[in-house]
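A short write-up of the structure that comes next.
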Amino acid sequence: MIRIECPWCGLRSESEFTCGGQSHIVRPENPAEVSDEIWAEYLYQRENPRGLHRERWRHTYGCRQWFNVIRDTVTHEILAVYHMTDSAPEVSGGRE
Amino acid sequence: MEKYSAFGLLRHALSGHRRWPQVWRSAELKPNYDAVVIGGGGHGLATAYYLAKEHGITNVAVLEKGWLGGGNTGRNTAVSRSNYFYPESTRFFEHSLKRFETMGRDLNYNIMFTQGGVLSLAFSRHEMEIFRRWATAIQVQGVDCRVMGREEVSEAVPLLNMSPHARYRVYGGFMQQRGGISRHDAVAWAYARAASSLGVDIIQNCEVTGLNISDGAVRGVQTTLGTIRTSKLAMAVAGHSSVVAGMAGIKLPIVSQCLQAMVSEPIKPCFDHVVMSPQVHCYVSQSDRGELVIGGGADTHPSYGQRGNLPTTESVLNAVTEMYPAFSRLKLMRQWGGIVDITPDASPIVSKTPVNGFYISAGWGTGGYKAIPAGGETLAYTMAHDRAHPLVEPFSLARFAQGRLVDESAAAGVAH
């Protein structure tokens, strides 16, 4: 069981949350002009690291807000929680 | 290689079982190979076997960072079936199921394949309608499949909660009678033994740390036991696909998640089929040893931790006890997790890559075990000819940019 610090509600259990996958994916600015490969990369390719992962979570059964998390995908340890529009902070530890 | 037979068993019994030969050779890593396969699970071992058997490429190494079949091959629920929706999938998985049916004889190894039937349950009128469409799709492709009503299901699975007030009220289902379960270690060992006897070197405790690539082509592999030169390299590493492909500078459309399973204490035979429910995400079978083997959906976040999280365990067991109230008295004996590589369309990737001589078999997601024979056969063909085997042409890495997804997750409600 992962315990997650919701920035709005505080520390809660994993079962209250939904993981939204990799964060900071940038949509190409001109979809009509980019190649199929770049569009497919945006749609489908993922970092999927063994170690530190920057990902989105939603407090589904709480405040329903989205936020970002840096989590180690091997130990599941959470090293940072930050707001949706913030850029990822530097963290120490984990496997990266 | 000693041929296994009833007579041989008797002969070894008379000598107190002290003279059984090694099942496969303990090989030393050589500096040069014609082909190297990363991953000593079912897929990697089958690939090496078919390279040697079908294509005469016998100077082959299989590199395994742990022990044979110690990853997902030994962590799954050992179900084989071919009841997919799209022709691309059905063709492939039906071929694989046929290989399972003859594997015991083909490899002279008892894989204990029991075709007790795979039954999928529907819990609503609407799901039953989708099942009829799905079953028809399977039947028109020449694969056995039978739609069953509520009464028939009740007879086939007497322990199922058939109360009209059940949390999951059964409306019916469909059965693929040729589906079933086998002994997963035996499949890995059978391919290892057959490949080894054809000259394949199986190297355990050998982790790949980097790939040597120059001018866009594979030159070799760096491992914890030294560097190997080769011009044909394949990876069949399941949950770690993104990590190994990353060594070649290739980013995959894959997310790794944990899929867990568990077994109960052994009990007398009471459960004849593999019973799954795509909607509630729980499936149950009974092993030859009497344990109930229980599986469900994957954990809901990316993970490389081979253990499984409690909320998913709870939701799977909740479904099991709602559906089979009698099982609530059983003790769980073990629970474990394997890391599965999930693609956006829940279909595999068996493909050449932008790097010449580098081939990938990945994205098997929650259903790789049943694909072992056909996965190995098609990857070996693709490596030997540098051209996709016809069965895996639809499953190329390029399909994502071309928009040719084989969207089994949406259409077939893929269970595992």
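In what follows, chains are A, B, ... by sequence order, proteins preceding strands, each numbered from 1.
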Where H76(A) and G305(B) come nearest, the two heavy atoms and their spacing: NE2-N, 4.4 Å
Against chain A, work out which of T300(B), D299(B), N309(B) has the most heavy-atom pairs shorter than 4.5 Å and name it. N309(B)
Select, from D36(A), L43(A), I38(A), the one with the greatest count of heavy-atom pairs under 4.5 Å involving chain B. D36(A)
Let me confirm one number: the OG-NE2 distance from S256(B) to H53(A), rounded to the nearest 0.5 Å. 10.0 Å
Checking L405(B) against chain A: side chain, backbone, both or neither under 4.5 Å from a heavy atom? side chain
Identify the residues of residues 1-24 of chain A whose heavy atoms come closer than 4.5 Å to a heavy atom of chain B, ordered by number, or report 'none'. M1(A), I2(A), E14(A), S15(A), C19(A)
Looking at Y42(A), I'd like to know if its OH atom is crowded, meaning that more than 12 non-hydrogen atoms belonging to other residues, nucleotides or ligands lie closer than 6.0 Å. yes
Residue part contacting chain A, namely of V255(B), when any heavy atom lies under 4.5 Å: both
Is the shortest heavy-atom distance from the side chain of H301(B) to the side chain of W57(A) under 4.5 Å? yes
Just how far is it from atom CZ of R50(A) to atom OG of S242(B), taken to the nearest 0.5 Å? 12.5 Å
For chain A, find which of P253(B), C258(B), G239(B), S241(B) contributes the most heavy-atom pairs closer than 4.5 angstrom. P253(B)
Taking everything shown except R404(B) itself, do over 12 heavy atoms lie less than 6.0 Å from its CZ? yes
How far apart are the closest heavy atoms of R71(A) and P302(B), and which atoms are they? NH2-O, 2.5 Å
What are the two closest heavy atoms between R46(A) and I254(B), and how far apart are they? CB-O, 3.9 Å
Selection residues 234-262 of chain B - residue pairs positive for ring-ring contact (aromatic ring centres under 6.0 Å, His included), sequence neighbours left out: H240(B)-Y304(B)
